[in-house]
S.K.: 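Dumping the structure here so I can ask a few things about it.
When a ligand or atom number is given, it counts from 1 through the structure's own listing order. The analysis underlying the following values was restricted to heavy atoms, covering all of them including side chains, and did not include hydrogens, waters or symmetry mates.
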Amino acid sequence: MGVLDGKLVAEKIQQEIGLEIERLRNERRVVPGLVVIMVGDDPASSSYVNSKNKLAEKMGILSRLVKLPGNAAEAEVIQSIAAANSDPLIHAILVQMPLPRHIDPWGVIDHIAPEKDVDAFHPFNQGLILQNRGRIFPCTPLGVMRILDHYGIDPAGMNAAVVGRSFLVGKPMAVMLSNRNATVTLCHSRTAGLTGILRESGLVVAAVGKPGFITAEMVKPGAVLIDVGINHINKEADFDKHCPRSQYEAFQKKGSVITGDIHYQAFAKAVHYTPVPGGVGPLTVTMLMHNTVELCKRQLRDA
Ligand SMILES: NC(=O)c1ccc[n+]([C@@H]2O[C@H](COP(=O)([O-])OP(=O)(O)OC[C@H]3O[C@@H](n4cnc5c(N)ncnc54)[C@H](OP(=O)(O)O)[C@@H]3O)[C@@H](O)[C@H]2O)c1
C-alpha cells in the first residue's frame, strides 16, 4: 500500500509554475493577476481564501481580494465580475463558493469571461471539457489527475467510480477520467447498489463530504483510492469513529482534525491512496496558481 503524497506533488508543480512566472516577468514584463470575489464571511471560505492569497503572494502572482457583505445583491457580485473582466491587470477570476442562498451561482458564473474563468466553471469551459478539448480544468479534479500522472497511474482501461456529482468536483472528474479512457461510473445519493459498484472499481474518487463514508468492506482489494473529502472532526465520539489513533495527539492539541470521505481502515486494502490531510488538498490551491498562469499565457498569446 503506497501513499500518494499530494504535498510533494504540489511542491514540484509550484517549482514549475515559479519558473513560468519568472519567464513571464522577464520576457513579457507581465505579472499574472488573480482576483478572488468573496461574498459574506463564512469561516471555512475565509480560510480557503486566505490560503489562496498567501500562496499567490508567495509565488509572485498579483492577488486581489474583493470582499462583499453577506447580504450583497446578485447584481453587485456581477458588477465586481464585470470590473475584473475588463481589468487588463487581472487574468483570472474566482468567485468563492458556496455563495449565500439568495444568489444563484449560475447567474454569477455565466458573467465571468470564459478566458478569465480560473475555476473552469463557466458553461463554455465545461462544454469544452465534455468535448475532450478542454483548455482549463477545475482545480480539484485537475489536481487529482496530476497526482495520478506523477505516480504513473494510468486510468485507461480501469473501472473508475466517482462518488459525488457536484459541478466543482465529481462531474468534471468523471468526464476527465473518461477522456483518459477510464470506464467511469458517476455515483450520487440516489445510486442503487453503491457497494457493488465500488467493489468492481480499481479506482475510486470520493467527493461526498461525509467522514469515513466509504468503508473497508466497500472497496476492492488493490484499488487506488483518491479521497477528496474534507470533514472537520471536533467531537471525541466522532474522532473515535472516523480517525486513526495516530491523529489523537493533534486532535487533543487543536481540538479538531480533518478527515476524508474514505475510512482510514479502507486504505489498508488499497494499492495506493491519498491521505487526508496531505493528499488532494495541497493540489487544489496549487492548480489555482497553475490555472492563473495558464490563463495569463493564453491571453498574451491571443492578444
Ligand atoms: N480537497 C480539496 O481540495 C477539496 C476541494 C473541493 C471540495 N472538497 C471536499 O470534497 C467533498 C465534496 O465536495 P463537493 O463540493 O463536491 O460537495 P457537494 O456539492 O455537497 O456534493 C456532494 C455529493 O455527494 C453526493 N452524496 C451525498 N450523499 C451521498 C450518498 N449517501 N451516497 C452517494 N453519494 C452521496 C451528493 O449526491 P446528490 O448530487 O445526489 O446530492 C453530491 O453529488 C467535501 O468534503 C468538500 O469539502 C475538497
Side-chain angles (χ1 to χ4, degrees), residues 4-7 9-10 13-14 36 42-52 55 94-99 101 104-106 109 118-121 126 137-148 160-177 184-199 201 204-215 217-219 225-234 238 242-243 256-263 266 273-291:
L4 304 173
D5 185 344
K7 234 175 131 220
V9 181
I13 297 172
Q14 284 174 23
V36 177
D42 171 64
S45 293
S46 297
S47 122
Y48 291 139
V49 166
N50 281 343
S51 63
K52 287 168 186 171
L55 183 60
L94 182 150
V95 178
Q96 182 63 37
M97 300 286 164
L99 288 163
R101 276 164 182 257
D104 167 23
W106 294 121
I109 288 166
V118 74
D119 267 331
F121 290 165
Q126 294 232 335
F137 300 89
C139 299
T140 302
L142 180 60
V144 172
M145 297 310 296
R146 295 296 291 262
I147 292 179
L148 294 177
V162 178
V163 192
R165 58 173 164 180
S166 71
F167 74 89
L168 282 87
V169 187
K171 248 180 215 168
M173 184 80 256
V175 175
M176 287 161 72
L177 286 169
V184 184
T185 309
L186 178 54
C187 309
H188 46 79
S189 66
R190 305 284 293 273
T191 295
L194 179 65
T195 298
I197 294 167
L198 296 182
R199 283 188 183 156
S201 300
V204 174
V205 181
V208 182
K210 293 185 176 168
F213 175 72
I214 295 175
T215 57
E217 306 76 66
M218 294 165 86
V219 303
L225 302 178
I226 305 289
D227 196 345
V228 174
I230 297 180
N231 305 291
H232 295 266
I233 300 292
N234 46 28
D238 289 339
H242 303 300
C243 305
S256 74
V257 283
I258 64 166
T259 192
D261 291 342
I262 301 179
H263 195 272
Y273 71 94
T274 57
V276 178
V280 178
L283 264 296
T284 295
V285 62
T286 299
M287 297 330 290
L288 177 66
M289 305 306 136
H290 166 273
N291 281 359

S.K.: May I ask you to test the Cys187-Ile197 pair for a side-chain heavy-atom distance under 4.5 Å?
M.R.: yes

S.K.: Find out whether Val205 and Leu177 are in side-chain contact, i.e. whether some heavy atom of one side chain is under 4.5 Å from a heavy atom of the other.
M.R.: yes

S.K.: Distances for all N or O pairs of ligand 1 and the protein under 3.5 Å?
M.R.:
| from | atom 1 | to | atom 2 | distance (Å) |
| --- | --- | --- | --- | --- |
| ligand 1 | 1 (N) | Val228 | O | 3.1 |
| ligand 1 | 3 (O) | Thr284 | OG1 | 2.6 |
| ligand 1 | 16 (O) | Ser166 | OG | 2.5 |
| ligand 1 | 28 (N) | Lys210 | NZ | 3.0 |
| ligand 1 | 34 (N) | His188 | O | 3.4 |
| ligand 1 | 34 (N) | Ser189 | N | 3.3 |
| ligand 1 | 37 (O) | Ser189 | N | 3.2 |
| ligand 1 | 39 (O) | Arg165 | NE | 2.7 |
| ligand 1 | 40 (O) | Arg165 | NE | 3.4 |
| ligand 1 | 40 (O) | Arg165 | NH2 | 2.9 |
| ligand 1 | 40 (O) | Ser189 | N | 3.1 |
| ligand 1 | 40 (O) | Ser189 | OG | 2.6 |
| ligand 1 | 43 (O) | Arg165 | N | 2.8 |
| ligand 1 | 45 (O) | Ile230 | N | 3.0 |
| ligand 1 | 45 (O) | Ile230 | O | 3.3 |

S.K.: To the nearest 0.5 angstrom, please state how far the CG atom of Leu142 sits from the CG atom of Asn291.
M.R.: 6.0 Å

S.K.: Are Lys52 and Gln96 linked by a side-chain donor-acceptor pair shorter than 3.5 Å?
M.R.: yes

S.K.: With a 4.5 Å cut-off on side-chain heavy atoms, are Arg146 and His290 touching?
M.R.: yes

S.K.: Name all residues meeting the side-chain hydrogen bond (donor to acceptor under 3.5 Å, both in side chains) criterion together with Asp42; count only those two or more places apart in sequence or in a different chain, and write none if there are none.
M.R.: Ser45

